[in-house]
Amino acid sequence: MVRKMLIFLFVVGQGLSGSGQQVVALKEVYRDYFTIGVAVSPGALKTDEAGLILQQFGGMTPENAMKMGPIHPAEQQYIWAGADSIAAFAKRHQLKLRGHTLCWHNQTPAWFFKDSAGETVTKAVLLERLKEHITTVVNRYKGTIYAWDVVNEAISDKDDELYRNSLFYQICGEEFIEKAFEYAHAADPQALLFYNDYNEINPVKRGKIIQMISKLKAKGVPIHGVGLQAHWSIFEPTADQLDQTLKDFSTLGINMQITELDISVYVKDAPPSAYTEALEAKQTEQYKTCFELFRKYNKEITAVTFWNISDRSSWLDNFPVRGRKNYPLLFDRELRPKKAFYAVTSF
Ligand code: GLA
């Protein structure tokens with residue numbers, strides 16, 4: 001009885017704000033603009049956050065479950081359980097699913113780059129492994145995943161360097177990038193294939209991303225989209241900077257998606273502070289500005305995905321400052337919509 005009552009309150013509560021006001025759904029408000037997605041973990045789908053996902057979002061991305069490390073920890077071993085549970089949830093509830101990510105310098109298991117004697121593998125071996133990995137993972141989720149982040153973060157943050165000096169780059173040169181796209185396309189010719197990166201609001205890095213994508217397109221590499229991670233803050237980007245960013249990427253003439261949106265309330269390395277009304281007001285303004293501009297570029301933008309569900313927990317808790325709680329999303333720790341939610345849903 002108590003359990004039934006709690007379930008009832010939970011279900012009713014999901015549609016109401018703290019003040020008892022009926023809450024609209026992001027996915028409905030933005031139906032004619034773009035898909036609104038959210039990054040999830042298998043665990044979150046077993047909690048009350050699942051109700052919020054179904055109420056508010058039209059798409060999902062696995063936050064970690066499909067990365068090379070978790071899914072392919074040893075050469076002969078794939079661990080599918082987490083990724084499968086997310087794919088099954090997406091299928092069951094008809095949510096659009098993005099895959100993340102097939103080739104990334106980070107969270108790649110060490111074995112990938114080493115032979116049995118512990119020596120660095122040759123280019124041929126690395127490409128063979130990359131092909132096997134991409135083919136296996138893309139095949140498994142064929143028909144369920146509509147878009148893949150194929151290569152993540154291959155461009156350098158250093159102004160005078162084009163490609164990040166990763167192990168992939170050191171061993172293969174820039175060729176690993178086009179190969180990754182070719183392998184993914186061969187495995188699932190229907191999937192939309194994205195290049196995904198952060199710090200895209202920086203004009204120098206943006207220029208390099210655009211230069212690389214243009215080159216890939218000119219070579220006929222199957223690349224269909226650019227992902228702007230959008231790990232931003234209440235201090236950046238400015239409206240002009242974001243407008244220019246979206247304008248520059250739209251010249252590529254490919255799909256554009258905001259793939260990992262969050263708005264930190266801190267300057268990068270700042271010490272923790274209280275989440276005051278003033279900070280929340282700044283964050284609300286920033287969210288409002290971002291969504292005004294996303295709507296302006298709605299012809300080019302096909303999805304906006306939040307990186308985590310609510311302020312209850314996000315990757316920005318304890319990162320990059322240990323012991324610092326962050327409040328980067330549209331829903332608070334009790335999963336109630338914040339002021340920023342109302343700012344982006346009433347226009
Ligand atoms: C990058 C990656 C994401 C995630 C975030 C931090 O943006 O693309 O998968 O790891 O860092 O959560």
Side-chain angles (χ1 to χ4, degrees), residues 37-44 49 59-73 82-83 86-87 97-109 112 133-134 137 141 145 147-157 163-164 166-169 176-177 180-181 184 192-202 205-206 209 212-213 223 225-233 236-237 245 249 256-266 268-269 290 303-322 324-330:
V38 63
V40 302
S41 65
E49 288 188 307
M60 295 195 308
T61 304
E63 180 184 6
N64 289 300
M66 289 184 187
K67 289 175 180 170
M68 258 188 199
I71 216 168
H72 197 177
I86 293 174
L97 190 61
R98 302 188 84 256
H100 176 85
T101 175
L102 296 170
C103 179
W104 187 28
H105 66 284
N106 230 333
Q107 289 182 249
T108 302
F112 217 84
H133 172 83
I134 291 180
V137 176
Y141 300 109
I145 285 183
W148 271 105
D149 289 327
V150 177
V151 177
N152 201 31
E153 305 178 354
I155 293 291
S156 173
D157 286 308
Y163 294 104
R164 177 188 297 278
S166 66
L167 277 173
F168 280 112
Y169 185 75
F176 79 91
I177 301 169
F181 280 94
L192 296 174
L193 305 182
F194 280 74
Y195 174 75
N196 194 46
D197 214 329
Y198 66 92
N199 225 354
E200 66 299 280
I201 53 178
N202 173 310
K205 183 148 180 203
R206 180 160 74 245
I209 298 172
M212 180 193 71
I213 294 179
I223 176 167
V226 59
L228 284 55
Q229 290 190 1
H231 293 298
W232 298 332
S233 81
E236 62 170 13
T245 299
F249 281 117
M256 173 153 82
Q257 295 201 352
I258 307 298
T259 51
E260 306 185 14
L261 178 62
D262 42 39
I263 296 190
S264 164
V265 300
Y266 299 106
K268 264 193 178 66
D269 301 331
C290 291
V304 174
T305 300
F306 288 86
W307 207 245
N308 297 130
I309 306 164
S310 74
D311 289 349
R312 186 181 284 176
S313 69
S314 81
W315 74 288
L316 290 172
D317 289 336
N318 299 310
F319 183 83
V321 178
R322 286 188 70 162
R324 192 181 73 175
K325 168 84 190 147
N326 213 324
Y327 308 87
L329 298 158
L330 293 186

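These numbers were taken from a predicted model, which means no experiment stands behind them. Note that ligands are numbered from 1 as they come in the structure, with each ligand's atoms numbered from 1 the same way.
- Partner of N152 under the side-chain contact (heavy atoms from CB on, under 4.5 Å) criterion, chosen from W104, Y195, Y198: W104.
- An N or O contact shorter than 3.5 Å is missing between W104 and ligand 1 by distance.
- In terms of protein heavy-atom proximity, atom 12 (O) of ligand 1 is closest to W307 NE1, 3.0 Å.
- Close approach of ligand 1 to H231 is summarised as follows: ligand atoms under 4.0 Å from at least one heavy atom of the residue are 7 (O).
- The protein atom (non-hydrogen) at minimum distance from atom 10 (O) of ligand 1 is K67 NZ, 2.7 Å.
- Proximity of a side-chain donor or acceptor of K325 to a complementary backbone N or O of L316 within less than 3.5 Å is not detected.
- An N or O contact shorter than 3.5 Å is missing between N196 and ligand 1 by distance.
- For ligand 1, the atoms sitting less than 4.0 Å from at least one non-hydrogen atom of N152 are 2 (C), 8 (O), numbered in the order shown with element in parentheses.
- A donor-acceptor pair is defined here as one N or O able to donate and one able to accept, closer than 3.5 Å; such a pair exists between the side chain of E200 and the backbone of A230.
- The nearest heavy-atom contact from the protein to atom 7 (O) of ligand 1 is E260 OE1, 2.4 Å.
- In this structure, T259 contributes its side chain and L228 its backbone to a donor-acceptor pair below 3.5 Å.
- Side-chain polar atoms of Q257 and T305 form no donor-acceptor pair below 3.5 angstrom.
- Once rounded to the nearest 0.5 Å, the distance linking CG of L329 with CD1 of I263 reads 9.5 Å.
- Nearest protein heavy-atom neighbour of atom 6 (C) of ligand 1: W315 CE3, 3.2 Å.
- Under a 4.0 Å heavy-atom criterion, F319 is not in contact with ligand 1.
- Remark: H105 NE2 to Y169 OH distance equals 14.5 Å, nearest 0.5 Å.
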Exercise. Before giving the answer on side-chain hydrogen bond (donor to acceptor under 3.5 Å, both in side chains), spell out for S310 and E49 the whole-Å C-alpha distance, their side-chain angles and the decisive distance to 0.1 Å.
Key: CA-CA 8 Å; S310 74; E49 288 188 307; 3.1 Å; yes
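- Here the protein heavy atom with the shortest distance to atom 9 (O) of ligand 1 is H100 NE2, 2.4 Å.
- For N64, no nitrogen or oxygen atom sits less than 3.5 Å from a nitrogen or oxygen atom of ligand 1, counting backbone and side chain alike.
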